[in-house]
Amino acid sequence: MSKILVIAEHLDGTLNPSTARAVSAAAAVKPESIDVLVLAAYTGALATEAAKIEGVNRVLTVERAENAHPLAAVLAPQVARAAAGYSHVFAPSTTFGKDVMPRVAALLGVAQVSDVMSVEGTHTFKRPIYAGNAIVTVEAEPTHTVVATVRTASWPAAASGDNNAPIEALSLDVALPAHTRYVGLQSGKSDRPDLQSAGKVVSGGRGVGSKENFDIIFKLADKLGAAVGASRAAVDAGYVPSDLQVGQTGKIIAPELYMAIGISGAIQHLTGIKDAGTIVAINKDSEAPIFEVADFGLVGDLFKLIPELEQALD
Amino acid sequence: MKILVGYKRVVDYNVRIQVKPDGTGVVTDGVKLSANPFDDIALEEALRLREKGLAEEVVVVGIGPADLTAHLRNGLAMGANRAIHVSTADAVQPLTAARVLQKLVEKEQPGLVILGKQAIDDDANQTGQMLAALWDRPQATFASKVEIADGKATVTREVDAGLETIEVELPAVVTTDLRLNEPRFIKLPDIMKAKSKPIDVVELASLGVDSGDHLKTTHYAAPPKRSKGVMVKDAAELVAALRQKGLL
């Protein structure tokens, strides 16, 4: 029977919703048990939060000062040690999981399955390649621990609230390297909803034209209670910071409503929004590829249409 | 300092990928192949470090069949000093690639290994992290800025929460993100010059590497298509349509 260890992702003392999505993917394997591993300097509140996630059997904590920041070189040896006795180790396919998990897999001498979209069997998964233009079915070696990252946009967050899983402190006798040091995080933190978990997202592209003009996107997003995203072109041009990039090499998201404004719709961008519920495209070029995937398309000048849209919302 | 750069050849990013009707793979016959864009960025970064006097030699490494030579020549034309061609007829998975690179690292003793964060064919995003683990050295993934001084690299990383900065002791593995730099174009005289630069060919089988190709791909499918929706005539109609769907 399968026993799955899910690695919790967290920031500033709060569990990232991606953790509950990874738990959903773990549940799809129909395992005997799902344990969540919390590595942090202070695990208290994080563990309590993780214990509430539906389907979690136990929360294991490793509390060490070295775990204050998510450094892969520090976390991976602990995860690899904690993985003993588990058939699967899952983490969200966020920059956190992408950084840590291959290091874990290599320490265990096993392959990693990246970006699990669906579970077809205990060792069989579907995942995207070529920017999502092909979906492959892969079989992991049945005698190996399955190390996998979970494509969060493919999985709903497991419900939270009713569960009360036991919390156990784990003591791992692992020497940690001192060759990697955390310096700082420059975060584009705002009061807006988080791009990766927001129900509504308004994104701007090259068509927005400048950093100053991007205010029109922020304003519309605020009116809708939406998160803000951007195409690679808009990030490259310096209109917005890189953490807003949606697409193959940025964030893969699945909001209920996605509004692409002044975005032409390169394949690399579309791969980031394939799972959106409803896509709206506003673009002055009626031939833009974004209209091929949009549920609602509106052709015209965004600087004229957005104010009209805001008016219609009132 | 010597810098080792991974230089993979992939289907060009402009090619529209077609899945074979029988589900055995994607169509690659007659399709344009190019350097993995992230690897061009890796090579560019290495060349800039050399130009700043922080490195003496830049070595590009490719793993693949006999005709990979032409691709490696491009890396040499861009400015690498020499190339290592690890020859194999088979496509290798990330763990095998990392084990191969580890063997080369043992021999070459580079101060820095720069790899693309992911290859745009398998989108695995694993090799750099795996190499760092096997080598027991630091990793700085998804780099958008690299500064080298006093035997350390200070690396700014593009993470979901913003820009994270870490400091790693060298030797280390760095993987590149898109905004680290803009790779230079290859000029004609450089192509001529590259012809005389050395390419060492090493048989993969001779390296004594255990295969890490543990994943079996059993089927390829085209992704489910989103169907084209409707065009609305103005903002009011759009808002009405979204309200009707309960989205506003």
Side-chain angles (χ1 to χ4, degrees), chain A residues 11 71-73 76 94-95 98-99 102-103 105-107 110-114 128-141 144 179-188 196 232 236 241-243 249 251 256-257 274 278 280 292-299 305 308-309 312-313, chain B residues 11 17 19 26 93-95 98 118 120-126 129-130 132-134 137-139 141-142 144 154 158-169 177-179 212 214-223 226 228-232 234-236 238-239 241-242 245 247-248:
Chain A
L11 181 68
L71 297 172
T94 51
T95 53
K98 287 174 179 174
D99 190 36
R103 195 159 179 130
L107 291 175
V110 303
Q112 173 181 296
V113 183
S114 296
I129 59 171
Y130 289 105
N133 288 300
I135 309 297
V136 288
T137 305
V138 295
E139 280 176 27
E141 170 65 42
H144 286 180
H179 53 46
T180 304
R181 283 174 295 276
Y182 174 84
V183 178
L185 175 69
Q186 184 194 332
S187 172
Q196 266 167 320
R232 178 188 168 189
D236 281 355
S242 58
D243 52 301
T249 62
K251 290 180 173 141
E256 289 159 43
L257 174 62
K274 280 198 170 121
T278 297
V280 172
E292 295 299 315
V293 299
D295 299 278
F296 299 107
L298 182 51
V299 177
L305 289 172
E308 287 175 8
L309 199 59
L313 286 166
Chain B
V11 173
I17 295 296
V19 174
V26 300
Q93 293 176 14
L95 183 57
Q118 73 195 71
I120 60 162
D121 50 6
D122 64 15
D123 282 332
N125 195 334
Q126 300 175 7
Q129 296 88 314
M130 287 180 159
L134 301 174
R137 292 304 307 167
Q139 69 188 48
T141 53
F142 326 144
S144 64
T154 305
E158 290 195 0
V159 296
D160 291 335
L163 296 173
E164 184 193 79
T165 305
I166 61 171
E167 192 182 83
V168 296
E169 289 170 13
D177 218 313
L178 289 170
R179 278 164 287 273
H214 302 310
L215 295 184
K216 205 158 67 190
T217 300
T218 55
H219 188 69
Y220 291 74
R226 284 188 83 101
K228 191 174 158 71
V230 296
M231 300 304 282
V232 292
D234 57 23
L238 177 59
V239 169
L242 294 178
K245 283 190 102 177
L247 289 164
L248 294 176

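Below, chains carry the letters A, B, ... as their sequence lines are ordered, and counting in each starts from 1. The shown structure was predicted, so the numbers you read here are calculated from the model rather than taken from an experiment. Values below: every heavy atom of this structure, side chains too, minus hydrogens, waters and symmetry copies.
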Chemist: Give, as side chain, backbone, both or neither, the part of B/Ile166 having an atom under 4.5 angstrom from any heavy atom of chain A.
Modeler: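 It is both, since atoms from each part get that close.
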Chemist: Taking side chain as everything from C-beta outward and backbone as N, CA, C, O, which of these in B/Tyr220 sits under 4.5 Å from a heavy atom of chain A? Side chain, backbone, both or neither.
Modeler: both
Chemist: State, with a plain yes or no, whether a side-chain heavy atom of A/Leu257 is found less than 4.5 Å away from one of B/Leu248.
Modeler: yes
Chemist: Is chain A contacted by the side chain of B/Leu215, its backbone, both, or neither, given a heavy-atom distance below 4.5 Å?
Modeler: both
Chemist: Heavy-atom distance under 4.5 Å to chain B: side chain of A/His179, backbone, both or neither?
Modeler: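 Both the backbone and the side chain of A/His179 come within 4.5 Å of chain B.
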Chemist: Run A/Ser242 and B/Leu163 through side chain to side chain contact (heavy atoms under 4.5 Å, CB included) and show every step you take.
Modeler: CA-CA 8 Å; A/Ser242 58; B/Leu163 296 173; 3.6 Å; yes
Chemist: Under 3.5 Å, side chain of A/Ser187 to main-chain N/O of B/Gly162, donor-acceptor pair present?
Modeler: no
Chemist: Side chain, backbone, both or neither: which part of B/Gln126 has an atom under 4.5 Å from a heavy atom of chain A?
Modeler: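 Both backbone and side chain.
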Chemist: So which part of B/Val230 gets closer than 4.5 Å to some heavy atom of chain A, the side chain, the backbone, both or neither?
Modeler: both
Chemist: At a 4.5 Å cut-off on heavy atoms, which part of A/Leu11 comes close to chain B: side chain, backbone, both, or neither?
Modeler: side chain
Chemist: Quick check: does any side chain N or O of B/Gln129 sit under 3.5 Å from a backbone N or O of A/Lys98, one acting as donor and the other as acceptor?
Modeler: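 Here the side-chain-to-backbone pair exists.
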Chemist: With sequence neighbours left out, what residues match A/Asp243 under salt bridge (charged side-chain N to carboxylate O under 4.0 Å, His left out)?
Modeler: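 In terms of salt bridge (charged side-chain N to carboxylate O under 4.0 Å, His left out), with neighbours along the sequence ignored, A/Asp243 is linked to no residue.
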Chemist: Looking at CG of A/Leu298 and CG of B/Leu238, how far apart are the two atoms once the value is rounded to the nearest 0.5 Å?
Modeler: 6.0 Å
Chemist: At a 4.5 Å cut-off on heavy atoms, which part of B/Pro223 comes close to chain A: side chain, backbone, both, or neither?
Modeler: both
Chemist: Ignoring hydrogens and geometry, is there a side-chain-to-backbone donor-acceptor pair from A/Gln112 to B/Ala124 under 3.5 Å?
Modeler: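 Here the side-chain-to-backbone pair does not exist.
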Chemist: Side chains of B/Lys245 and A/Thr278: do they bring a donor and an acceptor to under 3.5 Å?
Modeler: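 Per modelled atom types, B/Lys245 and A/Thr278 side chains form a pair under 3.5 Å.
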Chemist: Hey, does the side chain of A/Thr95 reach the backbone of B/Asp160 with a donor-acceptor pair shorter than 3.5 angstrom?
Modeler: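 Present.
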Chemist: Quick check on the interface: out of B/Thr217, B/Val11, B/Val19, who has the most heavy-atom pairs with chain A under 4.5 Å?
Modeler: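 Of B/Thr217, B/Val11, B/Val19, B/Thr217 has the most heavy-atom pairs under 4.5 Å with chain A.
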Chemist: Taking the side chain as C-beta and beyond, is there a heavy-atom pair between A/Gln186 and B/Thr165 under 4.5 Å?
Modeler: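 With C-beta onward as the side chain, the pair stays apart.
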Chemist: By a 4.5 Å heavy-atom criterion (distance strictly below it), what part of B/Val159 contacts chain A: side chain, backbone, both, or neither?
Modeler: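 Both parts, backbone and side chain.
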Chemist: Could you report the tightest heavy-atom contact between B/Val26 and A/Ala134, atom names first, then the distance?
Modeler: CG1-CB, 4.0 Å
Chemist: Of all of B/Thr154, B/Thr218, B/Leu134, B/Asp177, which one pairs up most often with chain A through heavy atoms under 4.5 Å apart?
Modeler: B/Thr218
Chemist: Less than 4.5 Å to any heavy atom of chain A: does that hold for the side chain of B/Ala98, its backbone, both, or neither?
Modeler: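 No part of B/Ala98 comes within 4.5 Å of chain A.
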